[in-house]
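What's counted below: heavy atoms across the whole structure, side chains too, no hydrogens, waters or symmetry copies. Remember, it's a predicted structure, so these values are computed and weren't measured experimentally. Whatever order the structure lists them in is the order used to number ligands and atoms, beginning at 1.
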Amino acid sequence: MAEVLVVGGGGREHALAWALAGSPEVTRVYVAPGNAGTVGPAGDGRAGLERVPLAADDLEGLAEFAAGRGVDLTVVGPEAPLAAGLADAFAARGLAVFGPRREAAQIEASKAFAKALMDEAGVPTARWRSFEREEEALAYLEEVPAPWVVKASGLAAGKGVLVSDDRGEVRDFVKGLFAGRFGVAGNRVIVEEFLSGPELSVFAVAAGEHFVLLPPARDYKRIYEGGRGPNTGGMGALAPVALDPGLLERVGREVIAPTLAALAARGAPYLGVLYAGLKLTSEGPKVLEFNARFGDPETQAVLPLLQSDLYRLLMDAVEGRPDAAPLETAGAALAVVLAAPGYPGEYPRGLVIEGLEEAEALSGVHVFHAGTERADGRVVTAGGRVLAVVGRADTPEQARTRAYAAVRRVRFEGMHHRRDIGTEVVG
Ligand code: AMP
Ligand code: GLY
């Protein structure tokens, strides 16, 4: 019998905790710091969830907690603690953790590292140049055609990328990056080739050079319907995405396998989810970015499809063989994010959320909490992305109907969401 610790407090972590609590081997799932949803029985005979008041970046506190409780496995949601060395701190104490060490986590934390690794491994990606001086970056942008793609090399919480054909906006962005608008993230700037095509998120559960691919997902990143407006952390997701036959295997062969091999060859073998953010171009899949973790909100749509036991899969990975057993999945799922008024800009907190129980009572529906807290016995908003309402069914169409039926039961002041999640629209 096993106890698990999930690190993080968003919708992805609620979905991870819920899925892990469904394992016959798991008796308790701790979530640090969790949210209002990661408390109590996880439903249908699942193990109980319990919040732990430790921040995701309190590496020592988390390691002490895991050691003190005899936690059998720690699963890390967000990238920042991985980039800060959480997995190294846990390994130093002999604690089992699913997530890459600091060096391997650079695949997300440093775009320059990721790009150089892809070139070395022959992984298809946008052509790129890296600049450490503002004048050189600006001069280069004069030479190459629009649209321009400019990225901070370091972690910038999703705010370090601009895709634009407005020269003035691009110049201002480059200057802002070098002026340290993103702190350390601005020391190095990447300018890359613009790629067109639909996007796809592929998650490999990986250990060394062994991996299994989870059902491919699509993330809807823009705030408004039709893929318009500013980028967000993600306003919804669909899984699986219907792909041409052989395409997912091709991603495994051309993207995941050579990347894992190159990391191992550098002496930084990978353990965790390797998330490839891809563009499906006319020349084939090309990597936009790698992440060192599960995606949010894609995870909320992917995990409900698993028939296999997630705890076993992640433990097999920790033991070096994520491919020890075939992965079983079924059906389709669609996640709709309900956001606070003003998100992705400034938003209020503390708005009372109603209708959660009604929504959860619908068949094939899961409500994963993200920015929620409990106050005076009620669930209130505590973040920009508040909930991910997930419909699961045999087909994507039915999953969509279920998800939106559940969305209609939930209310809070100023709540907004996209109505086109699951449709063909790009973005
Ligand atoms: P990233 O954080 O690198 O995934 O970039 C965020 C978003 O910007 C992606 O999901 C794409 O929609 C867009 N983007 C990034 N790089 C490119 C590129 N080379 N060509 C076209 N769009 C891009
Ligand atoms: N859904 C995008 C991300 O998790 O980075």
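Using a 4.0 Å cut-off between charged side-chain N and carboxylate O, Arg293 and Glu13 make no salt bridge. Ion pairing between Arg418 and Glu225 fails under the 4.0 Å rule for side-chain N and carboxylate O. For the pair Arg12 and Glu298, the salt-bridge criterion is not met [side-chain N within less than 4.0 Å of a carboxylate O]. Between Lys115 and Asp119, no side-chain nitrogen of the basic residue sits less than 4.0 Å from a carboxylate oxygen of the acidic one, so the salt-bridge criterion is not met. Contact check on Glu136 versus Arg133 returns a salt bridge, with a Lys/Arg side-chain nitrogen under 4.0 Å from an Asp/Glu carboxylate oxygen. With salt bridges taken as basic N to acidic carboxylate O contacts below 4.0 Å, one links Glu142 and Arg167. The pair Glu192-Arg127 fails the salt-bridge criterion, with no side-chain N (NZ, NE, NH1 or NH2) lying under 4.0 Å from an Asp/Glu carboxylate O.
Listed by atom number, the atoms of ligand 1 under 4.0 Å from Lys221 heavy atoms are 10 (O). Under a 4.0 Å criterion applied to the non-hydrogen atoms of Glu192, ligand 1 contributes the atoms 16 (N), 17 (C), 18 (C), 19 (N). Listed by number with element, the atoms of ligand 1 under 4.0 angstrom from any heavy atom of Lys151 are 3 (O), 15 (C), 16 (N). Annotation for ligand 2: atoms under 4.0 Å from non-hydrogen atoms of Asp219 are 1 (N), 2 (C). Counting the atoms of ligand 1 from 1 in the order shown, those under 4.0 Å from a heavy atom of Phe194 are 20 (N), 21 (C). Applying the 4.0 Å criterion to heavy atoms of Val149 picks out, from ligand 1, the atoms 16 (N), 17 (C), 18 (C), 19 (N), 20 (N). Interface of Asn291 with ligand 2, defined as ligand atoms under 4.0 Å from a residue heavy atom, comprises 5 (O).
Between Glu289 and ligand 1, at least one N/O pair is under 3.5 Å apart. Note: an N/O pair closer than 3.5 Å links Leu195 and ligand 1 by distance alone. Considering backbone and side-chain N/O of Glu289, none are found under 3.5 Å from N/O of ligand 2.
At the shortest separation from atom 5 (O) of ligand 2 among protein heavy atoms lies Arg293 NH2, 2.8 Å.
Ranked by closest heavy atom to atom 6 (C) of ligand 1, the top entry among Val163, Leu278, Val287, Val161 is Val161.
Applying the ring pair (Phe, Tyr, Trp, His ring centres under 6.0 Å) test to residues at least two apart or on different chains, the pairs with a partner in residues 268-289 are Phe203-Tyr275.
Under a 4.0 Å heavy-atom criterion, Gly277 is not in contact with ligand 2. In this structure, Tyr275 has a heavy atom closer than 4.0 Å to ligand 2. Contact annotation: Gly295 has at least one heavy atom less than 4.0 Å from an atom of ligand 2.
Using modelled atom types, one finds a donor on one side chain and an acceptor on the other under 3.5 Å when comparing Gln300 with Asp296. Side-chain atoms of Ser23 and Asp309 form a donor-acceptor pair, as typed in the model, at a separation below 3.5 Å.
Looking at Glu193 against ligand 1, only its backbone comes within 4.0 Å, counting heavy atoms.
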